[in-house]
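Input: a single structure, listed below in structure tokens.
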Amino acid sequence: MSTTALGLIQLGAVFFVLGILGRVAGRFGMSPIPLYLLGGLAFGVGGVVPLDEAIDFGHLAGEIGVVLLLLLLGLEYTAAELVTGLRRSWPAGLMDLVVNATPGAAVALLLGWGPVGAVVLAGVTYISSSGIAAKVLTDLGRLGNRETPVVLSILVFEDLAMAVYLPILTTVLAGVGFLAGLETLAIALITVTVVLLVALRYGHYVSAVLSSSDNEAFLLKLIGAALLVSGLAATLNVSAAVGAFLLGIAISGPTAHQAAKLLEPLRDLFAAIFFVAFGLSIDPSAIPPVLGWAVALAVLTAATKIATGWWAAGVQGIGPKGRARAGAALVARGEFSIVIAGLAVAAGAVTVELAALASAYVLLMAVLGPVAARVVEPVVDRAQRVRKG
């Protein structure tokens with residue numbers, strides 16, 4: 001059998017299995033991310049049936065998946081919304097950063113993975129999954145709740161923090177010197193600031209250049225621009241993901257709505273491949289030795305996220321149920337955590353054990369988050385009855 005034929009068969013099998021896994025996840029009301037990761041683990045290095053011919057395609061498609069994930073995330077916000085969200089949420093955002101990044105950094109240092117490992121794992125444990133959180137809030141009918149703006153403002157802060165964190169991570173992974181690192185960070189911060197200013201004042205020009213009444217032409221221009229901007233950002237060590245995110249912010253109005261509608265199916269396809277590709281790079285035998293640490297981190301950082309949401313909602317005068325719901329909505333980790341770990345793996349800057357720990361941790365948190373959001377209200381009700389009784 002030719003290499004091309006074998007590759008097509010393997011890719012066809014991967015896509016078909018992804019569709020089944022997505023349907024299973026939807027039936028149980030959970031995120032498909034854990035199942036996609038498990039699928040990658042099953043068919044990757046050391047898996048049940050290695051799919052060697054599909055791996056090369058998976059890596060490139062996974063990179064496109066990251067670009068589309070961040071582009072769609074940027075399309076959800078306007079520059080004005082980001083600035084307003086930052087002003088409103090910065091105290092809760094700083095608390096969120098400190099109490100959720102610290103456990104990851106501490107565990108990496110305890111396990112001897114050094115400063116690079118600490119920076120990577122801190123990001124993995126810090127960032128909530130905005131995709132899972134949005135889906136949970138929608139599925140549970142909580143978009144109109146009083147605590148929901150608090151949750152969304154913290155998620156906005158996290159997204160902005162990522163725009164600064166990812167260039168720092170890229171610099172650390174590249175192993176450049178201190179002065180070169182400062183130069184890269186300065187370029188990143190200047191780039192983010194300039195793009196936000198352009199988006200605030202001239203975003204309609206960016207939208208006008210990309211806009212088209214023909215969906216095919218519009219999609220080609222949009223994806224072409226996203227890949228070009230991401231590639232240029234990566235060249236400047238700003239991170240391709242940040243480049244895509246900033247482009248999304250610069251697109252506004254009807255153009256943003258049209259772009260989101262056209263890109264969502266492609267985003268879902270390539271993002272699924274990205275999660276599978278990450279799983280393909282992990283040897284399943286590396287997970288058991290770090291599973292205990294993953295469970296410990298999951299328990300600890302679930303508690304710290306709940307505490308963050310509880311405090312932030314309490315500042316807004318929201319009652320115990322709303323405070324608990326706000327905290328539980330932030331628990332899930334997912335796409336961003338895997339993006340961070342994936343960047344580190346691609347750079348060859350972390351050990352197999354760290355990648356395995358990140359994978360196991362996201363598996364646990366992507367399942368635990370939606371479950372926590374569903375059960376938190378009954379738990380609070382029971383606690384209040386016990387207190388009154």
Side-chain angles (χ1 to χ4, degrees), residues 57-83 130-131 134 156 159-160 162-167 169-170 184 187-275 277 335-336 338-340 342-343 346:
F57 173 81
H59 287 315
L60 180 58
E63 291 296 323
I64 296 173
V66 173
V67 169
L68 294 180
L69 274 169
L70 274 293
L71 176 61
L72 263 292
L73 184 63
L75 288 170
E76 292 180 11
Y77 306 111
T78 65
E81 286 172 341
L82 281 174
V83 172
S130 55
V156 168
D159 293 339
L160 279 174
M162 283 295 103
V164 177
Y165 167 81
L166 287 176
L169 176 65
T170 305
T184 300
I187 291 172
L189 292 176
I190 291 171
T191 301
V192 171
T193 303
V194 169
V195 170
L196 286 176
L197 288 174
V198 169
L200 278 169
R201 296 189 178 186
Y202 309 108
H204 56 286
Y205 291 118
V206 177
S207 300
V209 170
L210 294 175
S211 182
S212 174
S213 58
D214 182 272
N215 285 343
E216 180 181 349
F218 179 54
L219 193 58
L220 288 170
K221 286 196 293 183
L222 187 61
I223 294 178
L227 294 177
L228 283 170
V229 170
S230 298
L232 290 172
T235 302
L236 295 172
N237 286 326
V238 176
S239 165
V242 171
F245 178 65
L246 294 175
L247 176 63
I249 292 171
I251 301 171
S252 59
T255 305
H257 294 297
Q258 183 187 7
K261 184 177 179 180
L262 288 176
L263 285 175
E264 277 181 3
L266 283 175
R267 185 271 314 271
D268 293 341
L269 171 63
F270 282 98
I273 297 172
F274 166 69
F275 296 125
E335 61 277 6
F336 244 137
I338 295 298
V339 167
I340 292 166
L343 289 172

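Keep in mind the model is a prediction, meaning the values are calculated, not measured.
The side chain to side chain contact (heavy atoms under 4.5 Å, CB included) search around L220 returns E216, not counting sequence neighbours. Listed by chain and number, the residues in a side chain to side chain contact (heavy atoms under 4.5 Å, CB included) with S207 are I251, S252, T255 (sequence neighbours excluded).
Of all the heavy atoms in A250 and V206, the pair that sits closest is O-CB, 3.9 Å. Summarising the geometry of L75 relative to A260, their closest heavy-atom pair is CD1-N, 4.0 Å, with the distance given to 0.1 Å. The two residues N215 and Q258 make their nearest non-hydrogen contact at OD1-NE2, 3.3 Å.
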Less than 3.5 Å apart, which donor and acceptor atoms pair up between the side chains of residues 67-74 and the rest of the protein, not counting sequence neighbours?
none

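Residue L227 holds its CG atom at 9.5 Å from CG of L222, rounded to the nearest 0.5 Å. Here I64 contributes atom CD1 and S230 contributes atom OG; the two are 10.5 Å apart, rounded to the nearest 0.5 Å. For the atom pair CG (L247) and CG (L210), the distance works out to 6.5 Å, reported to the nearest 0.5 Å.
In this structure the side chain of L169 reaches within 4.5 angstrom of the side chain of L343, judged on heavy atoms.
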